[in-house]
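Input: a single structure, listed below in structure tokens.
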Amino acid sequence: MVDYLNTLNPVQRQAVECIDGPVMVIAGPGSGKTRVLTYRVAHLMRSGIAPWNILCLTFTNKAAREMKERIETVVGIDVRKVWAGTFHSIFARILRIESPKLGYPSDFTIYDTDDTKSVISEIIQTMGLDKKNYNPNNVRSRISAAKSNLITPKMYAQNSELIDYDRMNRMPMIYKIYERYAHKCFRAGAMDFDDLLLQMYRLLYENKDNVKQKYQHAFRYVLVDEFQDTNYLQYAIIKELVNYPGSPENICVVGDDAQSIYSFRGATIENILQFESDFPATQTFKLEQNYRSTDPIIHAANQLITHNRNQIQKKIWTENEGGSKIKILQILSDTEEGRRVADLILEQKNRNHITNRDFAILYRTNAQSRVFEEHLRRNNIAYKVFGGLSFYQRKEVKDLLAYLRLAVNPKDDEALKRVINYPRRGIGKKSVENLIDQATESDQSIWDMLHNGNIKGRSARMIEQFSQMIGSFGRKASEQDAYTTAMHIAKHSGVLAAMREDTSMEGIGRLQNLTALLDGIKEFIDADEAEDIGDVQDKTLSSYLQNIALLTDFDTSEESTDYVSLMSVHAAKGLEFESVFVVGMEENLFPSFMAMSDPNQLDEERRLFYVAITRAKKLLCLSFAKTRYQYGQVRFNDPSRFLKEIPEECFDTVINLGQQTNGLPSEPKRLRRIAPLPKPKLPKLDIDVSDFRPSPSHTIKEGMTVLHLKFGKGEVQKIEGNNANKVATIHFSQIDNPSRKIMLKFAKLQILE
DNA sequence: GGGGGCTATGGGGGG
DNA sequence: CATAGCCCCC
């Protein structure tokens, strides 16, 4: 066993050893917060606390995983039974056991943001509301905010402040949409991300079968990382678990008000301020010594944050004297920024002998990643982009996942809508609309309509077949493991076959993604790791789906890890790198134009920048471009005000950053829009229109040579489909992508031979 | 049924 | 600029 206590400084050590009663640790960046949390858990276990009595809520699953690994090497005790993970993943696990107490199936589906938006759009439509006023995204965030603040639909409807606000924004019916949305999700056996928290709260609050006491008893020691980024609802759950008469109140929260950057999703700094009054016995520890960065970086960070209005007083300091000054780069354009940063990375690699994995490029918006990708690729530097469209959001992946979801929970309307006619099986738009309408009207799921609905016309047989198929998938899912089931579904749904048919470059890529998905499922069932908080390892499809619904980019394993990391500043929270580039340091970008008129939001942007620069251990480079393409226009933005808030002596060169802005937003100057060049049309084919005599469609047969007015001569290779819906595959040798599928009933073709 | 081209619209951060 | 939604056309 490692003598871990002696590796800590006095304050850290106190925070680790003080295991009974409420503890709050205010920890500056790089002050060994993770060490404290990790060693605290290790210390608990060495003091004889059973691992299953420890609940540790971290910000990412990766952080939880790394903590467990570290603990295992430190104390050599089996840590697998510690409840460690994100709020969402831990609560999803508990709800999987307890959700029947709330009327949900234990195989409930987790709706992602796209599903949520789709449900909301449908409600807006069926309510006959104007889509111009009701933007699904706005509505979604209103509903999400309500849930995060424990406001039920009923409370929402009675809250005049909320109703007035919505009325002012010309969306007076949001309360009604909220009510319908909640009902619809419930009826579909689905929870969205907020529900994972909200239903957990309900579970404890309603306390059916004394389930609250069960978990209060189980979680005798509770630890919460990044406490400054928890919202009202999350804190309410923690209090349900810990704050009750006779509680030992063994709760430890760790956070830093200066790094609070998630208020947009309901996080509230109030929680930190509230904590000491909710738990009067709280002992507070402040970790202020920074072990991560060198002096110029720390100095800059301290100075920067003094520009914020409210903060808990603390000053971070370091013994890492000296160190390189901060590099500041003034660049002409955003493209140039990509080139310069890639070049600097090469240079630093050679001069300072650091490897790809030591570098990070951090930006305010994910859309900025592209130029850096381009130039890194050009310089042959391996990189990985975090955030953006994840693997699980790709169309082909979502298609197969929809089938898997449907097998587990056929009431999942969103999944059903996605695949009822994919691959094509002759259940057209009209039939689907009809089913949806009936479902809405009778307040049942679409799945129920497949059996009880009033289905007329040709699609009836196809619908019957589809429903049979999903039923058989469901039986498979309840009998076999996730991989066997998924493989079976991929084959028998026709998804795999549809993919194989598409031999274009993109099509091959999509097939590879599907294969990767299936491989991932195999990995899941082969994995020996005991993510099993229940007693048996759960290898079912249902378990797999719950697992991946909460994965992020950081949770995917890969062979090679030596890459430059590209990510948003938000995503970089909690990480550190030898060399960090913070790019796009311009007004209207960082700080974001969305925040410019609100002092509170400006403060949050500043905290975000604080987080960005404190990721760097040794080298920090800040860059800004004079011109940048934004929303189709060249824009001239001033250097970010944040650059001016860092003392000049921190920088390696002095750059004239212009007038200090007095807090007023500077209107971005813009250039006239440049008209796009017309795209080249199909080459003109020399066909005399007056000679063109299209032949009747039924006379066209495989093997014929035909003439088409735009595509020219072509060879009929294949004819598929029945009667009126025959589709011909014709090879037109005179055009760019010669193989075309044409529906014969529309096409005008003249038979040549 | 579905792809291509056009227009309107948004425009941030994420579990 | 990117994307969504629409219409047109085959």
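In this text the structure is predicted, and so the values were computed from the model without any measurement. Chain A is the first sequence line, chain B the second, and so forth, proteins listed ahead of strands; every chain is numbered from 1.
Between the CZ atom of A:F386 and the P atom of B:dG13 there is a distance of 16 Å, rounded to whole Å.
Of the options A:K398, A:R405, A:R418, a side-chain hydrogen bond (donor to acceptor under 3.5 Å, both in side chains) to A:D115 is made by A:R405 and by none of the others.
In this model, no donor atom of one side chain and acceptor atom of the other lie less than 3.5 Å apart for A:E586 and A:S640.
Judged by centroid separation below 5.5 Å and plane tilt below 30°, A:F264 does not stack onto the base of B:dG12.
A donor N or O paired with an acceptor N or O is not found under 3.5 Å between the base of B:dG13 and the side-chain atoms of A:E605. A:R140 contributes a side-chain N or O that forms a donor-acceptor pair with the base of B:dG14 under 3.5 Å.
Not counting sequence neighbours, the partners of A:S623 by the side-chain contact (heavy atoms from CB on, under 4.5 Å) test are A:L329, A:I331, A:E337, A:V583.
As judged by a 4.0 angstrom heavy-atom cut-off over every strand, A:N366 is placed among residues touching the sugar-phosphate backbone only.
When both pairing distances are held under 3.5 Å, B:dG3 makes a Watson-Crick or G-U pair with C:dC8. In this entry B:dG11 has no Watson-Crick or G-U wobble partner, no candidate having both defining distances under 3.5 Å.
Nucleotides B:dG12 and C:dG5, compared at atom C1', are 23 Å apart to the nearest Å. Comparing B:dG13 with C:dA4, their C1' atoms sit 22 Å apart, to the nearest whole Å.
In this structure, A:R265 satisfies the cation-pi test against A:Y262, with its NZ or CZ atom closer than 6.0 Å to the six-membered ring centre and inside 45 degrees of the ring normal.
Between A:R370 and C:dA2 there is a side-chain N or O to OP1 or OP2 distance below 4.0 Å.
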